[in-house]
Amino acid sequence: MSYIRDVLNEEHDGSAVHLRGWVYRTRSSGKLSFIVLRDSTGIIQLLASTRKLQDDKYREISSLTIESSLEVMGILRKDDRAPTGYEVEIEDFKLYQRNENYPITKDQGEEFLLDNRHLWVRSREFTAMMKVRSTVFKAFADFYFKHGYYEVHTPFMVSTAAEGGSTLFKVPFFDEEVYLTQSSQFYLETMIFSLENVFTIAPSFRAEKSRTWRHLTEYWHGEVEAAWLHNEDMMQVEEQMIEYIVQEVVKNNTEELNALGRDVEFLKRIKAPFRRIRYADLIKMTESWGLGMKYGDDLGADEERAIMVHFDQPIFVTHYPSKLKTFYHMPDPDNPDEILCHDMLAPEGYGEIVGGGERISDLNLLEKRMEDYGLNKDNYYWYLDLRRYGSVPHSGFGLGLDRLVLWILHLDNIKEAIPYPRTIRRTKP
RNA sequence: GCCGCCGUAGCUUAGUUGGUAGAGCACUCGGCUGUUAACCGAGCGGUCGUAGGUUCAAAUCCUACCAGCGGCGCCA
């Protein structure tokens with residue numbers, strides 16, 4: 001038994017092969033039928049003819065429906081007329097299931113494909129996306145293992161919010177209520193005091209009624225927290241990480257990138273270091289681009305898009321005014337109205353993929369900031385304890401892994417970057 | 001939370017000023033020994049999202065409801 005990819009070569013020309021998979025296309029020409037077989041590795045054209053098959057067997061295989069499952073034995077031959085250059089003339093086959101009509105046909109609407117995502121995941125296009133996504137997640141973890149980080153796991157059911165209270169999903173929990181996590185950050189912070197450098201890959205949940213091309217209510221979050229690192233140190237880690245992930249995709253998924261029409265040469269040029277631009281300087285730059293922004297404005301989707309068409313590498317935007325970010329960010333000692341944080345914006349108009357920065361390590365300052373934000377300190381007793389016992393400077397970030405896949409593949413909508421997108425109006429399939 | 005849009009056959013859709021629905025694909029049957037989302041011929045397939053209203057007459061006009069899509073804000 002072989003995979004299709006492994007027999008598509010000169011070495012197997014003329015030899016007997018044994019393949020299994022699903023019917024991708026069928027074409028019949030009277031007493032000659034072509035079946036394109038698909039497996040996880042690729043496609044190959046099968047030839048069925050009455051030369052090799054009895055009439056009843058020929059009738060059975062020449063009338064196969066799309067996505068029927070089967071196993072075939074035959075002789076492989078090089079043939080330029082076949083879609084992938086080789087063809088197998090069927091000598092015998094075993095049918096696992098002859099399908100009813102497959103719901104997905106050549107005319108496909110967006111909503112229909114979302115309703116039938118459980119079948120659409122078989123498409124060559126989606127298969128290619130999932131292979132790249134697999135590389136991205138593996139490369140993220142590998143990068144940190146190579147740099148001495150530990151992978152840790154944090155609870156998904158939590159009792160305190162990382163950001164604000166309004167965007168949490170409530171879940172019944174025996175006689176109480178808990179929330180689905182929005183971020184693992186606070187738990188990661190607890191672990192730097194033993195492991196020093198930690199990361200996790202976990203879903204985050206946001207009950208925001210977002211309807212945009214780059215928001216999901218459930219998304220995959222790659223998060224890192226490291227002791228002793230300052231804002232600039234963390235940015236150096238991140239730019240190396242992004243370069244590593246992108247180059248791993250280039251190295252391992254050239255075929256998929258080509259199948260999806262992604263410009264591989266562009267991705268090859270993604271290299272650290274990335275430019276750092278202070279928020280205040282970025283606002284000045286936007287004046288010459290006519291964006292009409294003033295100091296204190298947040299970067300919206302339209303602004304990010306308009307800014308990022310001017311860059312062909314990711315950039316860091318640093319030193320945001322503190323009122324634009326949440327309470328735990330470290331104020332800049334040289335200018336306490338700005339914070340030691342950074343967002344990484346992806347080029348080609350894709351915008352924010354990472355948000356991170358240095359955390360406040362001083363207890364009094366953190367308590368004051370929480371008061372300013374109207375938070376109940378009792379709920380955060382354990383987070384505050386980290387600043388009571390052996391507090392150290394530390395930094396971290398959160399990476400939207402689905403957004404990273406979205407950018408790397410130059411897709412139009414984040415729903416194309418995840419098998420089962422969860423949005424405000426979709427929980428099925 | 002705000003703004004906009006759509007719903008006609010299994011899928012993709014046409015339907016003019018209101019006059020009882022037309023096509024392509026899929027499927028079934030027939031034809032074809034080199035097809036490339038094959039092609040040719042025939043057939044099957046519709047409470048026009050639901051409910052109400054206006055009218056001699058509603059897919060078309062009005063109201064409500066249901067379902068979904070796109071964009072903004074928020075963020076990753």
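Side chains are part of it too, since the values below use all heavy atoms of this structure and drop only hydrogens, waters and symmetry mates. Lettering follows sequence order; numbering is per chain, from 1.
Rounding to whole angstrom units, CZ of residue A/Arg81 and C1' of B/G34 are separated by 5 Å. Summarising the geometry, the separation between CD1 on A/Ile104 and C1' on B/U12 is reported as 14 Å, rounded to the nearest angstrom. Following rounding to the nearest Å, A/Phe397 (CZ) and B/C75 (C1') show an atom-to-atom distance of 16 Å. In this entry the distance linking NE2 of A/His215 with P of B/G70 reads 14 Å, nearest Å. One atom, CZ of A/Arg305, and another, C1' of B/C72, lie 10 Å apart when rounded to the nearest Å. Remark: P of B/C75 and CG of A/Leu324 are 9 Å apart, rounded to the nearest angstrom. In this structure, CZ of A/Phe169 is placed 14 Å from C1' of B/C74, rounded to the nearest angstrom. Atom CG in A/Asn116 sits about 9 Å away from atom P in B/C11, given to the nearest Å.
Salt bridge A/Asp92/A/Lys57: present, at least one basic N to carboxylate O contact under 4.0 Å. Between A/Arg59 and A/Asp56 no salt bridge is recorded (no basic side-chain N to carboxylate O distance below 4.0 Å). With respect to A/Glu352 and A/Arg214, no salt bridge is recorded, no charged nitrogen being found less than 4.0 Å from a carboxylate O. Ion pairing between a basic and an acidic side chain is recognised when a charged N comes within 4.0 Å of a carboxylate O; A/Glu248 and A/Lys146 show no such pairing. Between A/Asp372 and A/Lys368 there is a salt bridge, since at least one side-chain N of the basic residue sits less than 4.0 Å from a carboxylate O of the acidic one. Ion pairing between A/Glu255 and A/Lys131 fails under the 4.0 Å rule for side-chain N and carboxylate O.
Ring planes of A/Phe137 and A/Trp220: perpendicular class, angle over 60° (limits at 30 and 60°). Using bins of under 30°, 30° to 60° and over 60° for the plane-to-plane angle, the ring pair A/Tyr380/A/Phe327 lands in the perpendicular bin.
Residue-nucleotide stacking is not present for A/Phe34 and B/G34, judged by a side-chain ring centre under 5.5 Å from the six-membered base ring centre and planes under 30° apart.
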Notebook entry, point to check: How far apart are the C-alpha atoms of A/Tyr179 and A/Phe205, what are their side-chain angles, what is the distance that settles it, and do they pass the ring pair (Phe, Tyr, Trp, His ring centres under 6.0 Å) test?
Noted result: CA-CA 9 Å; A/Tyr179 307 106; A/Phe205 305 89; over 10 Å; no
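Nearest-nucleotide positions on RNA chain B for A/Tyr102 and A/Glu304 put A/Tyr102 closer to the 5' end. Between A/Arg426 and A/Asp343, the residue whose closest nucleotide on RNA chain B is further toward the 5' end is A/Arg426.
In RNA chain B, runs of at least 3 stacked Watson-Crick or G-U pairs (N1-N3 plus N6-O4 or O6-N4, or N1-O2 plus O6-N3, all under 3.5 Å) give these stems: B:1-5 with B:68-72, B:10-13 with B:22-25, B:27-31 with B:39-43, B:49-53 with B:61-65.
Within 6.0 Å of atom OH in A/Tyr3, 12 or fewer heavy atoms from other residues, nucleotides or ligands are found, so the atom counts as exposed in its surroundings.
Sorted by first and then second residue, the pairs that involve residues 407-429 of chain A and meet salt bridge (charged side-chain N to carboxylate O under 4.0 Å, His left out), not counting sequence neighbours, are A/Asp115-A/Arg426. Evaluation of the salt bridge (charged side-chain N to carboxylate O under 4.0 Å, His left out) test over residues 393-408 of chain A, restricted to residues two or more places apart or in two chains, returns A/Arg133-A/Asp402. A salt bridge (charged side-chain N to carboxylate O under 4.0 Å, His left out) check over residues 313-332 of chain A, counting only residues at least two apart or in different chains, returns the pairs A/Arg278-A/Asp332, A/Lys325-A/Asp343.
You'll find a donor-acceptor pair under 3.5 Å spanning the side chain of A/Gln45 and the base of B/U35, going by distance alone.
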Please list, one pair per line, the donor and acceptor atoms closer than 3.5 Å that link side chains of residues 17-37 of chain A to other protein atoms, with sequence neighbours excluded.
residue : atom : partner : partner atom : Å
A/His18 : NE2  : A/Glu71 : OE2          : 2.8
A/Arg27 : NH2  : A/Gln45 : OE1          : 3.2
A/Ser33 : OG   : A/Tyr58 : OH           : 3.0

Going 5' to 3' through nucleotides 39-46 of chain B and flagging B where a protein heavy-atom sits under 4.0 Å of the base, S where only the sugar-phosphate is that close, and - otherwise, we get --------
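Contact check of residues 398-413 of chain A against RNA chain B (heavy atom, cut-off under 4.0 Å) returns A/Gly398, A/Gly400, A/Arg403, A/Asn413. Within a heavy-atom distance below 4.0 Å of RNA chain B, the residues of residues 63-79 of chain A found are A/Asp79. The stretch residues 14-22 of chain A has no heavy atom under 4.0 Å from RNA chain B, so no residue of it qualifies as close.
Aromatic rings from A/Tyr420 and A/His118 are positioned such that their centres are separated by 6.0 Å or more. Ring centroids of A/Phe143 and A/Tyr149 are separated by 6.0 Å or more, keeping the two rings apart. Ring-centre distance between A/Tyr328 and A/Phe186: below the 6.0 Å cut-off.
Partners of A/Glu371 by side-chain contact (heavy atoms from CB on, under 4.5 Å), not counting sequence neighbours, listed by chain and number: A/Lys377. Checked against side chain to side chain donor-acceptor pair (under 3.5 Å), A/Asp142 has the following partners two or more places apart in sequence or in another chain: A/Lys138.
Residue contacts for A/Val36: at a heavy-atom cut-off of 4.0 Å it reaches no nucleic acid atom on any strand shown. A/Glu89 comes within contact range of no nucleotide atom at all, as no heavy-atom separation falls under 4.0 Å. The residue A/Trp220 sits apart from the nucleic acid: no heavy atom pair falls under 4.0 Å. Heavy atoms of A/Ser49 sit nowhere under 4.0 angstrom from any nucleic acid atom. At a threshold of 4.0 angstrom between heavy atoms, the contacts of A/Lys415 are confined to the sugar-phosphate backbone, with no base atom among them. Residue contacts shown for A/Gly222 are absent, as no nucleic acid heavy atom lies under 4.0 Å away. Using a 4.0 Å heavy-atom criterion, one finds that A/Ala82 contacts the bases of the nucleic acid, with or without backbone contacts as well. No contact: A/Thr84 has no heavy atom under 4.0 Å from any strand. Base engagement by A/Pro83 is indicated by at least one non-hydrogen atom pair under 4.0 Å involving a base atom.
When the C1' atom is used for both B/A58 and B/C48, the distance is 11 Å, rounded to whole Å. Spacing of C1' atoms, B/A67 relative to B/G34, comes out at 47 Å, to the nearest Å. Comparing B/G43 with B/G49, their C1' atoms are spaced 29 Å from each other, to the whole Å.
Comparing atom distances between the A/Asp298 side chain and each of B/U33, B/G73, B/C75 picks out B/C75 as nearest. When distances are taken from the side chain of A/Asn101 to each of B/C27, B/G10, B/C74, the shortest belongs to B/C27. Residue A/Arg51 has its side chain nearest to B/G34 when only B/G34, B/A76, B/G10 are considered.
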Please tabulate the protein-to-nucleotide N/O contacts below 3.5 Å involving nucleotides 1-8 of chain B, giving atom names and distances.
residue : atom : partner  : partner atom : Å
B/G1    : OP1  : A/Lys209 : NZ           : 3.1
B/G1    : O6   : A/Lys209 : O            : 2.8

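We find the CE-CG distance between A/Met129 and A/Leu260 to be 9.0 Å, quoted to the nearest 0.5 Å.
The salt bridge (Lys or Arg N to Asp or Glu O under 4.0 Å) test with A/Glu239 singles out one residue from A/Lys271, A/Arg276, A/Arg275, and that residue is A/Arg276.
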